[in-house]
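Structure, as structure tokens:
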Amino acid sequence: MGAVTPPKQDRSRATRQRLLASAVACLAEHGWAGSTVTVVAEHAGVSRGAAQHHFPTREDLFTGAVEYVAEERSAALRALPVQGRTAVVAALVDLYTGPLFRAALQLWVAASNEAQLRPRVTELEARVGRETHRIAVELLRADESRPGVRETVQGLLDMARGLGLANVLTDDRARRERVVTQWAALLDGVLD
């Protein structure tokens, strides 16, 4: 028989999840300057005190939010069925065109100007980058022992990030679809 989680812990966990989701939404919508703990707490429907109970500092809240969603993104990627390369490339590119990428981008910009935030974001992004690369290798069934394969997979992820940047100001979907198709064909030539 499994352990039963007390209702208070369930509520606390639910509050934490709402705060994390709200922090990502606020970063994506309002940017770093407009995303305060108070704004996030209001968006989540909790008091500022409850927010600070879970996340003592603004940096804790936003790095925690990006980490949480990155973990969710990794789980979703791992759950993808093995499929054709075009679908895998499209799924990887989709990681960089949604609200998580917008939120992460806001956090990167803030970290470039705020010394106390920079090491936390740098470490988080390095960890997320390694995990995304590892999952991409698995999904693409890439053999990194072959010369150039590791760099090709990393190039794919760098290209996906660039497409995400291009999508920040305008909907770049039509061009993005053509690029995804071309990258999948390139990968077929390199990975097979």
So does [Y] get a backbone contact from the side chain of [X], meaning a donor-acceptor N/O pair under 3.5 Å?
| X | Y | answer |
| --- | --- | --- |
| R102 | E29 | no |
| S35 | C26 | yes |
| S112 | V109 | yes |
| R146 | V190 | yes |
| R150 | E144 | no |

Heavy-atom distance under 4.5 Å between the side chains of [X] and [Y], does that happen here?
| X | Y | value |
| --- | --- | --- |
| S47 | Q52 | no |
| L117 | L107 | yes |
| V137 | D143 | no |
| V40 | F62 | yes |
| T132 | V128 | yes |
| R176 | T97 | yes |
| T57 | V37 | no |
| Y96 | N167 | no |

Spatial distance of atom CG (L27) from atom CD (Q106) [nearest 0.5 Å]: 6.5 Å
Does R178 count as lying over the ring of W183, i.e. NZ or CZ under 6.0 Å from the six-ring centre, within 45 degrees of the axis? no
Closest approach of V89 to L187 (non-hydrogen atoms, all atoms of both residues):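 Where V89 meets L187 most closely, the heavy atoms are CG2-CD1, 3.5 Å.
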Non-hydrogen atoms of V180 and A90 that approach each other most closely: CG1-N, 3.8 Å
Contacts of E123 that satisfy salt bridge (Lys or Arg N to Asp or Glu O under 4.0 Å) - sequence neighbours left out: R127
So, using salt bridge (Lys or Arg N to Asp or Glu O under 4.0 Å) as the criterion, who are the partners of E131 when residues are at least two apart? R78, R134
Examine [X] and [Y] and state if one hydrophobic cluster contains both, with Ile, Leu, Val, Met, Phe, Trp and Tyr joined whenever side-chain heavy atoms are less than 4.5 Å apart.
| X | Y | value |
| --- | --- | --- |
| L165 | W32 | yes |
| Y68 | F101 | yes |
| L20 | V39 | no |

Begin with the C-alpha distance, continue with both residues' side-chain angles, and end with the deciding distance and a verdict on side chain to side chain contact (heavy atoms under 4.5 Å, CB included) for E42 and R48. CA-CA 8 Å; E42 288 173 4; R48 179 179 166 84; over 6 Å; no
Could you tell me whether the side chains of E138 and H133 share a donor-acceptor contact shorter than 3.5 Å?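 Side chains of E138 and H133: no pair found under 3.5 Å.
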Thinking salt bridges, do D192 and R85 make one under a 4.0 Å N-O criterion?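 Result for this pair is yes, salt bridge flagged.
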